[in-house]
Colleague: 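Take this structure first; my questions come after.
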Number of protein chains: 2
Amino acid sequence: MTNSVNRRVRASQKRQRLTAAAARVLHEQGVERTTLSDIAREADVPVGNVYYYFKTKDELVQAALSEHSAHLDELTGQLEQLADPRDRLKALIEAWIDRRDVAARYGCPTGTLAVELDKRADGILDAEAGAVIRRLLNWTERQFRELDLPKPADLALTLISGYQGMSLLANALRDPDIMTREGTRLLHWLDSLQVSDGHH
Amino acid sequence: MTNSVNRRVRASQKRQRLTAAAARVLHEQGVERTTLSDIAREADVPVGNVYYYFKTKDELVQAALSEHSAHLDELTGQLEQLADPRDRLKALIEAWIDRRDVAARYGCPTGTLAVELDKRADGILDAEAGAVIRRLLNWTERQFRELDLPKPADLALTLISGYQGMSLLANALRDPDIMTREGTRLLHWLDSLQVSDGHH
DNA sequence: GTCTATACTAAGATAGAC
DNA sequence: GTCTATCTTAGTATAGAC
């Protein structure tokens, strides 16, 4: 391995470390209360060096958003392996319930980020958080459509809205049980949906 | 009217103006991106003078939270005039739908505030936002209990969680229609709930 | 590519005149 | 009680040595 390749690998490692650290710390502390040194410390990179990889703080926020988006794609990708779309949606809800402690402490990563970014006058990044949520919404809608259920877009809206609502309440009241209670209700709701008979 | 009384009235007027301005601006811009001068300007009070009424920025945030809590009490108070608890809950949902444009632009005042305050390491104010939401949750639970419906606490959780979820999505996607679509669904859901027959 | 030292700015908070 | 001027801190960003 030549020196130049060696350096490039290390460089991208640091960039990756910074991105991962940003995703974690920004979720836990929020954008505004997180300083570049917080992220640098977490990634074990000197503060001033951050600017070699990211020209501004906003670029780091964007990288964190991409990271969350990738995590989401990974999750839905795994769920695709289930044959029945209804089972995929149920497994999604179960994944939410599994993460109840994180939700109660820090909320949904994308949801809380969206709330914070929407407060900014410069509408540079707020649309990006919305786009990640939109992706999940679209994936969910596809599952309902495959099930031949009427108004799949409305059903997707109800499911994702339910997730965001229960995450926010669990977080605001610091109560993971809320994730379990509402998650269970959503599972029953999914079961109750009847496939439309015949044509649509 | 003596001079001292005159001064006291003006003083409390300024305090009140600052509180009202804080409630509005903090909702629109968020806590972290709002400066004391933003609030002072909105209240037409010189910046340095703010500290005569509020010792710290946190005290202003707290005042804004109380203001939101009072607004909420006012709303539920008006709803109490309706005889049927179910009508009260429906009117609540209709009020949410009426405010769809504000929700799409800035989210639920209390919900977004709770998200932001929960990110803070110093757990001084985060519990307060939770308390306001808890008040609404309790009021809603009472309505369901008066209707003799089973598991009123769970029903209340579902309703308020639905509200927070649709507000967050409407905000993140900047789409007031989401408030209408999900609000309508919640209205139908309320209608579908059957009063338990006999004893409980 | 990596890191240190530092410039610059903004915002919270205070002192003190009126 | 009201307001101006200013202190202080903290955090983003840059310059430049290595």
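Letters go in sequence order (proteins before strands), and every chain restarts at 1. Values below: every heavy atom of this structure, side chains too, minus hydrogens, waters and symmetry copies.
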Colleague: Set out, line by line, the N/O atom pairs under 3.5 Å between protein and nucleotides 16-18 of chain D.
Modeller:
none

Colleague: Please examine the side chains of B/T110 and B/L136, heavy atoms only from C-beta on, and report whether any two atoms are closer than 4.5 Å.
Modeller: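 No, every pair of side-chain atoms sits at 4.5 Å or beyond.
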Colleague: Is the shortest side-chain N to carboxylate O distance from A/D175 to B/R134 below 4.0 Å?
Modeller: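 Here A/D175 does not pair with B/R134 in a salt bridge, since their nearest N and O are not under 4.0 Å apart.
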Colleague: Taking only side-chain N and O atoms of B/Y51, does any of them lie within less than 4.0 angstrom of OP1 or OP2 on C/dA13?
Modeller: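 For B/Y51, the contact criterion (side-chain N or O under 4.0 Å from OP1 or OP2 of C/dA13) is met.
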Colleague: Angle between the end axes of the helix from C/dG1-D/dC18 to C/dC18-D/dG1, five pairs per end, to the nearest 10 degrees?
Modeller: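 End-to-end axis angle: 10°.
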Colleague: Counting side-chain heavy atoms from C-beta on, which of C/dG1, D/dT2, D/dT4 comes nearest to B/K14?
Modeller: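 Nearest nucleotide to the side chain: D/dT2.
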Colleague: Round to the nearest Å and state the distance from B/L18 atom CG to C/dG12 atom P.
Modeller: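 Result: 14 Å.
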Colleague: Find the distance B/F54:CZ to C/dA11:C1' and express it as a whole number of Å.
Modeller: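 These atoms are roughly 19 Å apart.
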Colleague: Starting at CZ of A/R41 and ending at P of C/dC3, how long is that distance when rounded to a whole Å?
Modeller: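 After rounding, the reported distance stands at 16 Å.
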Colleague: List, one per line, each side-chain donor-acceptor pair under 3.5 Å for residues 18-31 of chain B, sequence neighbours excluded.
Modeller:
unit_1 : atom_1 : unit_2 : atom_2 : d
B/T19  : OG1    : B/R15  : O      : 2.8
B/R24  : NH1    : B/E42  : OE2    : 2.8
B/H27  : NE2    : B/Y106 : O      : 3.4
B/H27  : NE2    : B/G107 : O      : 2.8
B/Q29  : OE1    : B/T34  : OG1    : 3.4

Colleague: Grab the CD-C1' distance between A/E59 and D/dA13 for me, whole Å please.
Modeller: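 Roughly 13 Å, once rounded to whole Å.
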Colleague: Taking only residues two or more places apart in sequence, or in another chain, which ones meet A/D44 in a side-chain hydrogen bond (donor to acceptor under 3.5 Å, both in side chains)?
Modeller: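 Partners of A/D44 by the side-chain hydrogen bond (donor to acceptor under 3.5 Å, both in side chains) criterion come out as none, since no residue qualifies.
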Colleague: Mind checking side-chain hydrogen bond (donor to acceptor under 3.5 Å, both in side chains) for A/T158 and listing every partner two or more places apart, or none if nothing turns up?
Modeller: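 With sequence neighbours excluded, A/T158 shows a side-chain hydrogen bond (donor to acceptor under 3.5 Å, both in side chains) to B/E182, B/R185, given in chain and number order.
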Colleague: Of all the choices, C/dT2, D/dT12, C/dA13, which nucleotide is nearest to the side chain of A/Y53 once you look at every atom?
Modeller: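 Looking only at side-chain atoms, A/Y53 lies closest to C/dT2.
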Colleague: Between C/dG12 atom C1' and B/D38 atom CG, what is the distance in whole Å?
Modeller: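 For the pair B/D38 CG and C/dG12 C1', the rounded distance is 13 Å.
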Colleague: For B/Y163, give me all partners under ring-ring contact (aromatic ring centres under 6.0 Å, His included), at least two apart in sequence or on another chain.
Modeller: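 B/Y163: ring-ring contact (aromatic ring centres under 6.0 Å, His included) contacts with B/W96.
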Colleague: How many whole angstroms separate atom CZ of B/R33 from atom C1' of C/dA10?
Modeller: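 Roughly 12 Å, once rounded to whole Å.
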Colleague: Hey, what are the protein-to-nucleotides 5-11 of chain D N/O distances that come in under 3.5 Å?
Modeller:
none

Colleague: Not counting sequence neighbours, list each pair that qualifies as a salt bridge (Lys or Arg N to Asp or Glu O under 4.0 Å) and has a residue in residues 94-119 of chain A.
Modeller: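 Output for this query lists A/D118-B/R174.
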Colleague: B/K57: what forms a side-chain hydrogen bond (donor to acceptor under 3.5 Å, both in side chains) with it, not counting sequence neighbours?
Modeller: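 By the side-chain hydrogen bond (donor to acceptor under 3.5 Å, both in side chains) rule, B/K57 matches no residue at all.
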Colleague: Please report, rounded to the nearest Å, how far the P atom of D/dT2 is from the CG atom of B/N49.
Modeller: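 Distance check: B/N49 CG to D/dT2 P gives 6 Å.
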Colleague: From the list C/dT4, D/dA13, D/dC3, which nucleotide is the closest neighbour of the side chain of A/P46?
Modeller: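 Closest nucleotide to the A/P46 side chain: C/dT4.
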Colleague: May I have the list of side-chain donor-acceptor pairs in residues 74-82 of chain B shorter than 3.5 Å, sequence neighbours left out?
Modeller:
unit_1 : atom_1 : unit_2 : atom_2 : d
B/T76  : OG1    : B/L72  : O      : 3.1
B/T76  : OG1    : B/D73  : O      : 3.1
B/E80  : OE2    : B/W139 : NE1    : 2.9

Colleague: How close or far is atom P of C/dA15 from atom OH of B/Y52, stated in whole angstroms?
Modeller: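 It is 16 Å, rounded to the nearest whole Å.
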Colleague: List for me each residue that meets side-chain hydrogen bond (donor to acceptor under 3.5 Å, both in side chains) alongside A/R181, sequence neighbours excluded, and say none if there are none.
Modeller: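 So A/R181 forms a side-chain hydrogen bond (donor to acceptor under 3.5 Å, both in side chains) with B/D154.
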Colleague: Decide, yes or no, whether a salt bridge links A/D191 with A/K90 under the criterion of side-chain N to carboxylate O below 4.0 Å.
Modeller: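 The answer is yes: the pair qualifies as a salt bridge.
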Colleague: According to salt bridge (Lys or Arg N to Asp or Glu O under 4.0 Å), does anything in residues 161-173 of chain B pair up with another residue at least two apart or in another chain? List the pairs.
Modeller: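 For residues 161-173 of chain B, and leaving out neighbouring residues, there are no salt bridge (Lys or Arg N to Asp or Glu O under 4.0 Å) pairs at all.
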